[in-house]
Amino acid sequence: GHSHKKLKKFLEGYISIFTDHKPTLRDAKLMVAMAELGTASKQELLARSYDAPQTTNARALDGLIAEGLLDRNEVND
């Protein structure tokens, strides 16, 4: 059901990322966290990212949203 659809979306997105830019472990970690949570706030996702400056993690998250790899409607401010 819902879990299968999310996994399919995650895999399709992750496969397509290779054509746009070199994916990072930070990208993968944010995408996995979103797949696990379903919907989340930016703060919840950033808390699950690497221990790095918040601006670095936020830039990665914003990039994934801009690329369409994370659904903007599922990431709450």
query: What heavy-atom pair brings K9 and D71 nearest, and what distance separates the two atoms?
result: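 In this case the closest contact between K9 and D71 is NZ-CB, 3.3 Å.
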
task: Measure across L69 and M31 and return the closest heavy-atom pair with its distance rounded to 0.1 Å.
output: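 The answer is CB-CE, 4.3 Å.
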
message: With a 4.0 Å cut-off on N to O distance, would you call K6 and E36 a salt bridge?
response: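 Salt bridge absent between K6 and E36.
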
Considering only distance and modelled atom types, tabulate donor-acceptor pairs under 3.5 Å from the side chains of residues 52-59, sequence neighbours left out.
residue, atom, partner, partner atom, Å
N57, OD1, R26, NE, 2.5
N57, OD1, S49, OG, 3.0
N57, ND2, Y50, O, 2.9

From [X] atom [atom1] to [Y] atom [atom2], the distance as rounded to the nearest 0.5 Å:
X: T39; Y: E74; atom1: OG1; atom2: CD; value: 7.0 Å
X: L70; Y: D62; atom1: CG; atom2: CG; value: 10.0 Å
X: L61; Y: L45; atom1: CG; atom2: CG; value: 5.5 Å

query: How would you list, by chain and number, every residue that makes a salt bridge (Lys or Arg N to Asp or Glu O under 4.0 Å) with K29, sequence neighbours excluded?
result: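 Partners of K29 by the salt bridge (Lys or Arg N to Asp or Glu O under 4.0 Å) criterion come out as none, since no residue qualifies.
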
- request: Just jot down the salt bridge (Lys or Arg N to Asp or Glu O under 4.0 Å) partners of E44, sequence neighbours excluded, or say none.
  value: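 For E44, no residue satisfies salt bridge (Lys or Arg N to Asp or Glu O under 4.0 Å) once neighbours in sequence are set aside.
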
query: V75 and M34: side-chain contact (heavy atoms from CB on, under 4.5 Å), yes or no, with the steps?
result: CA-CA 8 Å; V75 179; M34 190 66 188; 3.8 Å; yes

